[in-house]
Amino acid sequence: MTTFAFPEARTCPYQPPEGYKALSEGPPLVRAELYDGATAWLVTRNADARRLLTDPRMSSERSADGFPIVTPRLLEARGFRTLVTMDGAEHQMYRRMLIPDFTMKRTRAMRPDVERIVDECVDRLLEKEKPVDLVQDFAAELSGMVIFHLLGVPLEDQELFTRRSAALLRAVTQEDSERALGELVSYLDDLVASREDDEGTWLLDRLAADEGTLSRGDLVRMAVQLLVTGQGTTAQMIALGAATLLEHPDQLEAMRADPSLVPGAVEELLRYLTIADMAGLRVATEDIELHGETIKAGDGVIMPYALLARDPSVYPDPDRFDIRRTGGQHFAFGMGPHNCLAQGLARLELEVTLRVLFSRVPTLRLAVALEELAVREAADMQGVYSLPVTW
Ligand code: HEM
C-alpha cells in the first residue's frame, strides 16, 4: 500500500494541497505518514467519511494512544480539553449547555445585530488608510465582535477584548499564543466574577445561572473555546471568500446583480475553501472493516475535509468554483456529533458580510497579487496571515 506524507504544504491561499488530486483518484484508503514517523489511515472518499464521522466507534479524544497528531503544535495543545476533544456523555453534557445559544430561532434573532456589526466594521474599514489588511483590520474584528456580543461582553470592554483576541490570532510562536491566551483568560475570569449574581440573557450569564453545574473555570474555558474555534475560522472565511470572489469576477458580478445568489455563493465558498481541512482527525476505539482492510482499535484516522469536498462522485468537476452549484455534502462544518455548533451563525455572518462589503465597497480589489501572499502552514487551517486590499 502506498504511503502519503501528511500534511502536505499548500501553495495557493484558496486551493488544497496539489497532492489531493492524486489522492481523490487513487484508492479509498491510504496510509499516511506523520511528521514524527507515526502512521494513520487516510480516508479519501466522501461517502466513507460520512459513515465514519457518525460511527460511535470513532473517538475525538486527543490524548488517546494512536490519535493522529499531525503537527507539533497539536501535540502541545493535547491537554487543552474542549468540546472538540471530548466523547460520549461528557461531550453531550457540555454541548447541550450551549445549544440554546445557537438554535435557528436565536440565530435569526441575531440578524439585526450582525447587520449592525458588519455596517460598523465597513464604516471603520472605509476610514482606514489604504491598503488595508482585510484579515486583521476587518474580518477578525468583525467575527470577534459577533462572539463578544453573543457572550455578553459589555460594549465598553469590546475594544480591549478585540485587541487581546487579535493578539491570539496573530500569535505565531507557542510562547506568543500562551501569553495572549493568558491575558484573555484573566479578562474573562474577571468578567465572569463581576457578573456572578446577574441574570442577564447573554451566554455567560445564562451558563452561570445554569443550576450552578459549571465552575468559574469551566465558564471561562467555554468562552475562550468559542473565541478560539469561532473567530479565526470565520475571519479566514470572510477574507478568503472575498479573495475567491475577486478572482472570479463574472461570478462576483452575478452575485452583486442578484442578491438571491448570495446564500448559494456562501455554500459554494464553504465547500471550495473548506478551511478546517485538518479538523477530521479521529482514533478508532474498536476494529472497523472498510474496503477489505481492518482499521484496528487504536489506529488513527484522518479525513481531510478539503479533499472530501473535491470528491468527483459527489461534486461533478469539483475544482470548478460555481456559485450556482446545488446538492452534495461538504464537510466545511464537519459532520456527526462534533458538527459545528455555530454553523447557522457562521453562514449568517458570511452572507451579510459579503453582500454588504461588495455593495458598499464596489471597487474593492486586492492590493497585491495572490501569489505573493504567505499561505498558512500545512497543519493549520487554510488561510493567509494578511490580505491587503484597496478600493
Ligand atoms: C465559517 C466559520 C466556521 C467554520 C468553517 C467552522 C468549522 C468547524 C468544524 C469543521 C468543526 C468540527 C470539528 C470536528 O470535526 O471535530 C467545528 C466545531 C465547532 N465549532 Fe465551528 N466553525 C466556524 C465558526 C464557528 C463559530 C462562529 C463558533 C462559535 C461562536 C464555532 C464554534 C464551534 C464549536 C463550539 C465546535 C465544537 C462542536 C463539538 O465538538 O460538539 N464555530 N467548527
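None of the values given here were measured: they were computed from a predicted structure. Ligands are counted one by one from 1 in listed order, and the atoms in each one are counted from 1 as well. Keep in mind that the numbers below use all heavy atoms, side chains included, and drop hydrogens, waters and symmetry copies. For reference, positions follow the sequence shown, starting with 1.
The number of protein N/O/S atoms found under 2.8 Å from atom 21 (Fe) of ligand 1 is 1.
Looking from atom 7 (C) of ligand 1 to the surrounding protein, the closest heavy atom is A332 O, 3.4 Å. From the protein, the heavy atom lying nearest to atom 38 (C) of ligand 1 is R95 NH1, 3.4 Å. Counting only heavy atoms of the protein, atom 1 (C) of ligand 1 lies nearest to M237 CG, 3.5 Å.
When the side chain to side chain contact (heavy atoms under 4.5 Å, CB included) test is applied to E372, the partners found at least two apart in sequence or on another chain are V368, A369. Partners of Q92 according to the side chain to side chain contact (heavy atoms under 4.5 Å, CB included) rule, which considers only residues two or more places apart in sequence or in another chain, are R96.
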Starting from the C-alpha separation in whole Å, work towards a yes-or-no answer on side chain to side chain contact (heavy atoms under 4.5 Å, CB included) for L370 and Y14. CA-CA 9 Å; L370 264 185; Y14 63 87; 3.3 Å; yes
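Contacts with ligand 1 closer than 4.0 Å are made by heavy atoms of both the backbone and the side chain of H338. With a 4.0 Å cut-off on non-hydrogen atoms, S60 does not touch ligand 1 at all.
Taking distance alone, with nitrogen or oxygen atoms compared against 3.5 Å, T234 stays at or beyond that limit from ligand 1. Ligand 1 has an N or O atom lying under 3.5 Å from an N or O atom of Y305, backbone or side chain. Residue R282 has at least one N or O atom closer than 3.5 Å to an N or O atom of ligand 1.
By the 6.0 Å contact criterion, NZ on K128 is enclosed, its count of non-hydrogen atoms from other residues, nucleotides or ligands being greater than 12. Heavy-atom contacts from other residues, nucleotides or ligands closer than 6.0 Å to CG of D65 number 12 or fewer. Environment of CD in E247: crowded, with over 12 heavy atoms of neighbouring residues, nucleotides or ligands closer than 6.0 Å.
Using a 4.0 Å cut-off between charged side-chain N and carboxylate O, R124 and D137 make no salt bridge. A salt bridge links E115 with R111: the distance from a Lys NZ or Arg NE/NH1/NH2 to an Asp or Glu carboxylate oxygen falls below 4.0 Å. Salt-bridge check for R45 with D311: failed, with every basic side-chain N at 4.0 Å or more from each acidic carboxylate O. In summary, D55 and R282 do not engage in a salt bridge, as defined by a charged side-chain N under 4.0 Å from a carboxylate O.
Of all atoms in ligand 1, listed by their number and element, those nearer than 4.0 Å to a heavy atom of V84 are 16 (O), 37 (C), 40 (O). Taking every non-hydrogen atom of A279 and a distance limit under 4.0 Å, the qualifying atoms of ligand 1 come out as 13 (C), 14 (C), 15 (O), 16 (O).
At least one heavy atom of H91 sits under 4.0 Å from some atom of ligand 1. In this structure, P337 counts as a contact residue of ligand 1, since one of its heavy atoms falls inside 4.0 Å of the ligand.
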For residues 340-347, dump all side-chain donor-acceptor pairs below 3.5 Å to protein atoms at least two apart in sequence or in another chain.
| residue | atom | partner | partner atom | Å |
| --- | --- | --- | --- | --- |
| Q343 | OE1 | R347 | NH1 | 3.1 |
| Q343 | NE2 | N339 | OD1 | 3.1 |
| Q343 | NE2 | C340 | O | 3.1 |
| R347 | NE | E267 | OE1 | 2.9 |
| R347 | NH2 | E267 | OE2 | 2.9 |

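Atom CG of residue L270 and atom CG of residue L350 lie 6.0 Å apart, to the nearest 0.5 angstrom.
For atom 35 (C) of ligand 1, the candidate residues are L281, L226, L269, L345; the nearest heavy-atom contact is made by L226.
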